[in-house]
Amino acid sequence: MEILSPLRQLQNDGCQYAFYFARDGQQPVFHSSETSNPECASTLFLSASIIKVPILLAWVHLERTGFVHRGELCNLDDEPQVEGAGFSWLLRARQLPYQDVLLMMIALSDNLCTNLVIRRIGIDRLQKVFHDTLGLQDTQIQRKLMDYDARARGLDNWISARDCIRLYDCIDQLRHDERAWVESMLAVNQDDLLLRRSVQRDTLTFYHKTGSMTGVLHDWGYTDRCRIFLLTQNVKDEPAAYHVFGQLGRLMVD
């Protein structure tokens with residue numbers, strides 16, 4: 001497949017992007033609107049819901065130390081009932097184990113559940129784990145999800161392409177039981193509108209997380225044979241961008 005053609009369309013539309021594809025046994029391919037060197041790909045992208053992947057990995061590491069435990073009960077009313085993605089604010093049950101809260105954070109991109117996890121760990125501790133434990137150089141968490149007042153004050157959540165590549169190493173370094181748990185959640189992500197949109201249903205296990213907000217579309221993930229992500233921001237024509245995601249996602253099966 002010709003990779004540069006759909007990426008050129010993003011460039012021509014004024015979209016900022018970063019694309020990575022690595023098939024087992026082959027040299028990785030990286031292209032971005034800023035650089036062709038993934039080690040220098042430090043341009044910050046608004047993370048949208050991609051921030052939920054490092055949050056999940058931070059939880060795993062903090063559970064090793066005993067600071068958190070997925071069996072601990074979480075009160076869904078401990079945070080303002082933000083809406084958007086997910087539906088936890090509609091649940092009649094108002095206490096769930098954090099294991100279920102984390103599942104909804106990843107599979108449904110539930111914003112209330114994400115904020116409850118952020119509350120449990122703390123933003124400062126999360127940032128420290130991102131940098132010191134996970135080795136993420138550029139990832140920043142400055143606010144909770146759907147916190148428009150914080151955004152108005154200039155606070156936001158960020159990630160870079162080189163950190164998205166680093167996330168694969170973070171997955172590889174998990175213990176077997178930890179990886180199985182993480183992958184069980186990534187595999188049931190309900191959003192198939194981006195890289196998976198042109199892949200026949202039920203033919204591929206894609207461990208992934210998407211993220212979207214106005215002008216931002218991301219999909220990061222991997223299969224048993226390859227690793228792939230596409231980050232985009234300043235998107236002006238979403239239907240055209242969806243088509244590009246679909247074209248590039250075919251690399252997973254072609």
Task: Arg125 side chain to Arg120 backbone, donor-acceptor under 3.5 Å - done: no

Task: Arg94: partners by side chain to side chain donor-acceptor pair (under 3.5 Å), with sequence neighbours left out - done: Asp77, Gln81

Task: Lys52-Asn157 side chain donor-acceptor pair, cut-off 3.5 Å - done: no

Task: Candidate pair Ile228 and Phe19, rule side chain to side chain contact (heavy atoms under 4.5 Å, CB included), full reasoning - done: CA-CA 8 Å; Ile228 185 171; Phe19 174 72; 3.9 Å; yes

TODO: Starting from the C-alpha separation in whole Å, work towards a yes-or-no answer on side chain to side chain contact (heavy atoms under 4.5 Å, CB included) for Asp13 and Lys236.
DONE: CA-CA 7 Å; Asp13 289 345; Lys236 301 176 182 64; over 6 Å; no

Task: Lys/Arg N to Asp/Glu carboxylate O, Arg179 vs Asp172, below 4.0 Å - done: yes

- [ ] Take His31 and Val29 through the side chain to side chain contact (heavy atoms under 4.5 Å, CB included) test and state the conclusion after the steps.
- [x] CA-CA 7 Å; His31 294 286; Val29 174; 3.6 Å; yes

Task: Where at least one partner belongs to residues 68-98, residue pairs that pass ring pair (Phe, Tyr, Trp, His ring centres under 6.0 Å), sequence neighbours excluded - done: Trp59-Tyr98

Task: Side chain to side chain, Phe21 and Cys226, heavy atoms closer than 4.5 Å - done: yes

Task: CZ-OG distance between Arg8 and Ser33, expressed to the nearest 0.5 angstrom - done: 14.0 Å

Open item on the list: With a 4.5 Å cut-off on side-chain heavy atoms, are Lys144 and Thr114 touching?
Closed with: no

Task: Thr223 versus Tyr207, closest heavy-atom pair with distance - done: CA-CD1, 4.4 Å

Task: Co-membership, hydrophobic cluster, residues Leu116 and Phe67, 4.5 Å side-chain - done: yes

Task: Verify same cluster id: Val188, Val182 (apolar side-chain graph, 4.5 Å) - done: yes

Open item on the list: Can a donor-acceptor pair be found, under 3.5 Å and without considering hydrogens, that links the side chain of Glu178 to the backbone of Arg175?
Closed with: yes

- [ ] List for me each residue that meets side chain to side chain donor-acceptor pair (under 3.5 Å) alongside Gln9, sequence neighbours excluded, and say none if there are none.
- [x] none

Task: Distance in Å, Ile121 CD1 paired with Arg119 CZ, rounded so as to fall on 0.5 Å steps - done: 13.0 Å

Open item on the list: Testing the basics here: between Ile50 and Lys209, what is the closest heavy-atom pair and its distance to 0.1 Å?
Closed with: CD1-O, 3.1 Å

Task: Side chain proximity check, Leu230 to Tyr20, heavy atoms < 4.5 angstrom - done: no

Open item on the list: Just by distance, no angles: are the side chains of Ser42 and Asp138 close enough, under 3.5 Å, to form a donor-acceptor pair?
Closed with: no

Task: Contact summary for Pro54 and Leu134, nearest pair of heavy atoms - done: O-CD1, 3.9 Å

Open item on the list: Please tell me whether Tyr17 and Glu34 have a donor and an acceptor in their side chains that are separated by less than 3.5 angstrom.
Closed with: no

Open item on the list: Could you go through Leu57 and Leu174, starting from their C-alpha distance and side-chain angles, then the distance that decides it, and tell me whether this counts as side chain to side chain contact (heavy atoms under 4.5 Å, CB included)?
Closed with: CA-CA 9 Å; Leu57 295 175; Leu174 296 176; 4.0 Å; yes

Open item on the list: Looking at His61, I want to see if its NE2 is surrounded by more than 12 non-hydrogen atoms of other residues, nucleotides or ligands under 6.0 Å.
Closed with: yes

Open item on the list: Main chain of Leu145, side chain of Asn111: is a donor-acceptor contact present, judged purely on distance under 3.5 Å?
Closed with: no

Open item on the list: Treating Arg197 as the side-chain partner and His243 as the backbone partner, does any N or O pair qualify as donor plus acceptor under 3.5 Å?
Closed with: no

Task: Close aromatic pair by centroid cut-off 6.0 Å: Tyr168 and Trp220 - done: yes

Open item on the list: Checking the side chain of Gln142 only, and the main-chain atoms of Leu155 only, is there a donor and an acceptor separated by less than 3.5 Å?
Closed with: no

Task: Sub-4.5 Å side-chain heavy-atom contact between Val117 and Val101 - done: yes

- [ ] Output the distance between atom OG1 (Thr65) and atom CD (Glu63), rounded to the nearest 0.5 Å.
- [x] 9.0 Å

TODO: Indicate yes or no for a side-chain donor-acceptor contact from Thr203 to the backbone of Gln200 under 3.5 Å, with no hydrogens or angles considered.
DONE: yes

Task: Atom pair OG/CG of Ser160 and Leu231 - distance to nearest 0.5 Å - done: 8.5 Å

Open item on the list: Using a 3.5 Å distance criterion without hydrogens, assess whether the side chain of Gln233 forms a donor-acceptor pair with backbone atoms of Leu46.
Closed with: yes

Open item on the list: Taking the six-membered ring of Trp181 as reference, does the cationic atom of Arg70 (NZ for Lys, CZ for Arg) lie under 6.0 Å from its centre and within 45° of its axis?
Closed with: yes

Task: Ser49 and Ser109: side chain donor to acceptor below 3.5 Å - done: yes

Task: Side chains of Cys15 and Val235 in contact at under 4.5 Å (non-hydrogen atoms) - done: yes

Task: Interatomic distance, Leu56 atom CG to Leu167 atom CG [nearest 0.5 angstrom] - done: 10.5 Å

- [ ] Quick one: name the residues clustered hydrophobically with Leu73, using the 4.5 Å side-chain heavy-atom rule over I, L, V, M, F, W, Y, and just say none if it's on its own.
- [x] none

Task: Non-neighbouring partners of Gln127 that pass side-chain contact (heavy atoms from CB on, under 4.5 Å), sequence neighbours left out - done: Phe130, Gln140, Ile141

Open item on the list: Under a 3.5 Å cutoff, is there a donor and acceptor pairing between the side chains of Thr210 and Asp219?
Closed with: no

- [ ] Provide the closest heavy-atom pair for Ala18 versus Ser32 in the form atom of the first, atom of the second, distance.
- [x] CA-CB, 3.8 Å

Task: Under the salt bridge (Lys or Arg N to Asp or Glu O under 4.0 Å) test, residues paired with Glu238 that sit two or more places apart - done: none

Task: Check ion pair Asp147-Arg143 (N to O, under 4.0 angstrom) - done: no

- [ ] For residues Cys164 and Ile159, report the shortest heavy-atom separation together with the two atoms involved.
- [x] SG-CD1, 4.0 Å

TODO: Establish, yes or no, whether the cationic atom of Arg196 lies under 6.0 Å from the six-membered ring centre of Phe245 and within 45° of the ring axis.
DONE: no

- [ ] Answer yes if Ile106 and Leu193 sit in the same cluster of Ile, Leu, Val, Met, Phe, Trp and Tyr residues linked by side chain heavy atoms under 4.5 Å apart, and no otherwise.
- [x] no

TODO: Please answer whether the main-chain N or O of Arg166 pairs with a side-chain N or O of Asp163 as donor and acceptor at a distance below 3.5 Å.
DONE: no

- [ ] For residues Leu194 and His208, determine if any side-chain heavy atom of one lies less than 4.5 Å from a side-chain heavy atom of the other.
- [x] no

Open item on the list: Restricting to non-hydrogen atoms, name the atom on Pro6 and the atom on Leu248 that form the minimum distance, rounded to 0.1 Å.
Closed with: CG-CD2, 3.8 Å

Task: Leu10 with Leu44, same ILVMFWY side-chain cluster at under 4.5 Å - done: no

Task: Single-linkage hydrophobic cluster Leu217~Trp158, side-chain heavy atoms < 4.5 angstrom - done: no

TODO: Measure from the side-chain N and O atoms of Thr232 to the backbone N and O of Val216, and report whether any donor-acceptor pair falls under 3.5 Å.
DONE: no

Task: Neighbour count above 12 (heavy atom, 6.0 Å) for Asp24 CG - done: yes

Open item on the list: Just verifying a value: how many Å separate Thr133 OG1 and Arg64 CZ, rounded to the nearest 0.5 Å?
Closed with: 9.5 Å

Task: Side chain proximity check, Met185 to Met105, heavy atoms < 4.5 angstrom - done: no

Open item on the list: Can you confirm whether His218 sits close enough to Phe229 that some side-chain heavy atom of one is under 4.5 Å from a side-chain heavy atom of the other?
Closed with: no

